[in-house]
Amino acid sequence: MIRYIVRRILYTVPILVGVSLLTFLLFFGIASPDTIARRNLNIHNPSQAQIKDWIQKHGYDRPLPEQFERHMESLFLFQFGNSDATKEPILDRIKRGAIPSAQIAGLVILSSLVVGLSIAMLVAYFRGTYVDTSGTLICVGMMSIVYVVYVIGLQALLGRLLKYGPIAGYQHGWDAWRFVLLPAVIGLAARIGADVRLYRTFLLEEIGQDYVRTARAKGVREGRVLFGHVLKNAMIPVVTTTVSTIPLLILGSLILESFFGIPGLGTYLQDAILKNDFAVVRAMVFLGAVLYIVGLLITDVLYATLDPRLRLE
Amino acid sequence: MAMLAVGCGNDPYPRGEVSKPVLLSGFGDVTSFDPATSFNADDGVLMDCVYPTFYRYNIYKRSPSVLELEAGAKPPTMKRLPDGREDWSYTFRKDLVFADDPCFPGGKGRIATAADVVYSFKRMADPDCACPVHDYVADKIEGFQQFGAGFKTKGKSHYADPLPGVFADPRDPFTLHIVLVKHYPELSYIMGMHFTTPMAHEVVERYGDGLTLYHMVGCGAYKMAEHLPGEKLVLVRNSNAHFEEFPQPPPGVPADVSRDAGRPLPITDKVVFTHFREALTWYNLFQQGYLDYISAVYSTVQNMPAATTLTPEMRARGVKLRECVMPFSDWLAFNMLDPVFGGYTPQRRKLRQAISLAIDSDAYSDVICQGLAKPAQFMIPPGIEGYDPKYKNPYRQYDPSLMRAKQLLAEAGYPKGIDPKTRQPLVLKFDTFADTPALRQMERLLVQQIQALGVRVEPREGDYATYTERMKSGNFQFAFDNWIADYPDAENFLLQYVKSNWEPGPNDSMYENPKIEELYKKIARMDSGPERVKLIREARDIIVEDCPKIYLAYQSEHELIQPWSTGQYFPAVGNELVKYAGVDPHLRTELESQWNRSNLWPLPLFAGFFVLGVAPAAAAIRQRRNRKVRREKRT
């Protein structure tokens with residue numbers, strides 16, 4: 001397995017270079033250095049001399065291969081430099097923003113595992129009854145609603161009308177839980193429909209296996225069959241699908257963060273794209289790629305750990 | 001959910017903060033707090049609390065805005081030199097002291113002198129600072145351009161060299177001399193902008209780039225205690241600040257505004273600004289009482305349902321609504337170099353005038369701006385010298401029948417909007433940066449109105465960068481644009497018709513008229529007065545006939561203010577308002593607790609529904625299993 005992990009880590013190098021190259025080309029394809037300078041210079045009508053100065057100062061006047069080489073070197077050393085727009089050290093901001101993003105993502109994932117699996121078990125237990133049918137129907141309905149509707153609607157309902165939590169803001173330290181609970185509940189509501197459907201499929205697939213029939217034939221109680229055997233085996237696909245979504249959740253809760261005024265990484269990336277802040281965009285894309293690769297690697301390792309039939313080679 | 005409902009509360013601040021005499025406000029995206037470079041309204045609101053200038057805008061005078069002394073000790077005097085140059089003397093207060101900061105010896109702030117203002121002017125000349133108002137003063141202050149060029153060869157050591165046109169009086173360290181090579185009345189406004197604040201060189205030398213976001217060290221009423229970008233910014237009273245008191249109000253000012261008149265400023269010792277992105281979030285927090293005031297402009301109003309009128313609930317709560325027309329104009333610009341719409345022949349003029357007559361400014365103000373704007377007749381908004389409330393632009397009088405517009409269009413050579421060359425409707429390409437719902441709605445409305453003439457309008461949407469790129473390169477026919485004045489003077493609006501300001505400058509239409517050039521030069525060098533007003537109106541009439549732009553609206557700002565807030569009076573210009581703002585923390589705590597009681601009743605209801613929903617299924621399963629067992633027993 002160690003050899004497999006080392007090989008996978010080595011594979012990440014060309015992937016990261018490829019992703020960075022694509023971002024680099026896309027960014028320069030969409031925005032010329034002139035446009036980047038105009039967006040980041042804090043002036044309504046910058047003169048050509050000011051634009052030229054800015055481009056020179058930020059190194060965007062160098063040949064593209066040289067820029068890319070410097071860009072890759074700094075990214076692999078995790079020296080992200082300063083934001084083009086605000087001169088703020090990017091790494092400091094990433095470190096600060098990663099905490100609230102990870103808190104929300106962690107809560108959403110954990111609660112979706114617990115709540116999603118519980119509901120899926122319930123639906124699977126009552127399979128064939130109206131609970132199963134109406135559960136499936138509700139799940140499909142929930143999956144059909146656009147994410148932003150959950151955010152705006154539930155923020156208004158739970159935050160503004162029922163006043164169950166702060167509708168915006170963030171405090172560091174122990175107080176942070178007050179601010180991430182409501183977004184996490186909304187994040188959970190937005191994905192629970194899809195999760196329950198998925199977990200139900202995994203559970204029903206296991207329920208149809210021979211070992212379940214054998215257990216029942218031996219007189220094992222239904223609860224024991226479900227929780228002791230079916231759940232254990234269904235956890236393999238459940239865990240692997242969940243782990244692989246962690247990086248996406250950390251970087252991707254930008255709508256939630258935006259509406260709840262949470263200073264996480266999602267909003268940081270969103271702002272950088274809007275401001276043509278290439279220094280931040282390249283760092284965030286690189287970080288996203290690293291997290292995604294690490295997430296997939298953990299998934300593979302977990303898969304092999306949970307299912308003894310698999311061997312990683 | 002239960003945890004949320006029971007344990008959380010919805011207070012977004014650290015526990016107990018709302019019960020303290022702390023002003024709670026929000027802030028938008030900030031880009032830089034460096035007084036030499038920052039030119040963003042959101043930055044200005046925060047910076048102007050820290051960096052005082054010679055002049056400030058009187059809090060009570062809203063239309064027109066009036067400058068008064070802030071860091072200045074007495075009004076400036078002018079001595080004409082034998083060669084015609086002007087030597088202006090600005091005497092600063094002697095009690096201006098920088099806030100304590102580690103950059104000063106022993107961490108104690110020192111006295112600010114005229115040398116610190118000279119240093120600010122040197123920073124304005126430094127190309128590295130890219131000062132936004134550099135071009136305004138460059139050809140007026142003696143030796144300013146040459147001094148700026150010196151940085152190329154000498155680098156930062158050039159700061160030690162004298163700037164010929166700006167220096168401290170050798171006999172009085174608190175008097176600043178500015179030598180002008182030509183008369184420049186707008187210098188007063190520049191002396192009221194943060195670019196000319198006394199700036200300690202120790203701060204720049206110590207913090208460098210950090211000055212952009214993390215350090216604000218001035219001699220104003222507040223100093224920055226903490227800034228977490230994208231999160232929050234805290235200002236606290238600067239104990240070294242000079243004494244100033246809340247001015248006495250003129251008649252007619254609301255009682256809540258002047259409640260603290262006569263008290264020393266700042267009224268509130270601490271201000272917490274929290275960063276929020278979504279207008280809806282601002283509005284919701286205000287509704288819950290967690291923001292002491294919020295403002296709405298037309299780009300955000302669609303997300304703030306009751307920002308333009310008070311709902312009965314808000315009225316019952318004692319919320320106040322104040323409106324102020326800003327020096328901010330919206331318009332549509334024709335590219336005067338465009339082969340179809342540009343030029344100065346009678347036909348081209350008529351074509352532009354016809355399109356101008358097809359646009360209904362009332363609809364724009366009411367539908368798009370939702371009442372947060374006043375229909376415009378010309379570029380110069382209310383409160384600015386030269387604005388005439390009775391003036392009616394002959395090409396902005398909308399008539400739903402479009403009779404005159406159609407007639408002008410036919411006279412321009414496009415009867416019923418048909419291009420005789422192609423026998424197809426004339427095509428007009430319309431550039432916008434429709435990146436908000438309000439702007440997209442505006443685009444649809446304008447397209448619909450112009451198309452009523454029979455021409456075809458092709459919108460070219462893009463993000464702001466693409467739109468700017470097209471505008472700057474002159475690659476457009478007709479585009480939406482706007483302008484917020486740098487200072488409340490007609491010159492700052494008329495500069496948009498001067499050839500030296502063609503794109504990438506503010507003259508987006510690339511308009512050119514020798515008569516206007518001549519008038520502009522006179523207006524720019526003339527002091528306020530009836531003669532100047534006459535010239536401004538003469539320029540207006542010429543421009544209106546040429547019709548390089550279609551004036552849409554003057555934007556206004558609406559402020560929603562909580563019942564416990566005082567001193568909230570928003571002038572059209574000027575940012576240093578926070579120091580006048582006060583709160584009644586007891587009333588705030590009391591009302592907030594009334595407004596924010598959690599509604600717990602849905603929780604047992606939800607649990608009940610769940611149990612009731614699942615119980616029959618559980619019974620059915622039990623029944624099914626019992627049947628199975630009975631069958632097995634029988635067999």
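Residue numbers start from 1 in every chain, and the chains themselves are labelled A, B, ... in the order their sequence lines are given, proteins ahead of strands.
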Flag for A/Trp54-A/Asp84: side-chain donor and acceptor within less than 3.5 Å: no

Residue pair B/Thr31, B/Asp43: steps toward the side chain to side chain donor-acceptor pair (under 3.5 Å) verdict: CA-CA 7 Å; B/Thr31 46; B/Asp43 300 348; 2.8 Å; yes

A/Ile51 versus chain B, the contacting section by heavy-atom distance below 4.5 Å: neither

A/Arg200 and A/Asp132 ion-paired at < 4.0 Å: yes

Toward chain A, the part of B/Val30 with a non-hydrogen atom under 4.5 Å: backbone

Atom group of A/Ala85 that falls short of 4.5 Å from chain B, counting heavy atoms: backbone

A/Leu161, part contacting chain B, at a heavy-atom distance under 4.5 Å: backbone

Atom group of A/Tyr130 that falls short of 4.5 Å from chain B, counting heavy atoms: side chain

Contact leader toward chain B among A/Val131, A/Asp271, A/Ile167, where contacts are heavy-atom pairs under 4.5 Å: A/Ile167

Aromatic ring proximity, centroids under 6.0 angstrom, A/His58 and A/Phe278: no

Parallel, tilted or perpendicular: ring planes of A/Tyr170 versus A/His172, cut at 30 and 60 degrees: perpendicular

Sub-4.5 Å side-chain heavy-atom contact between B/Glu17 and A/Gln171: no

Contacting region of B/Asp486 [heavy-atom separation from chain A under 4.5 Å]: neither

Region of A/Ser134 in contact with chain B, defined by heavy-atom distances below 4.5 Å: neither

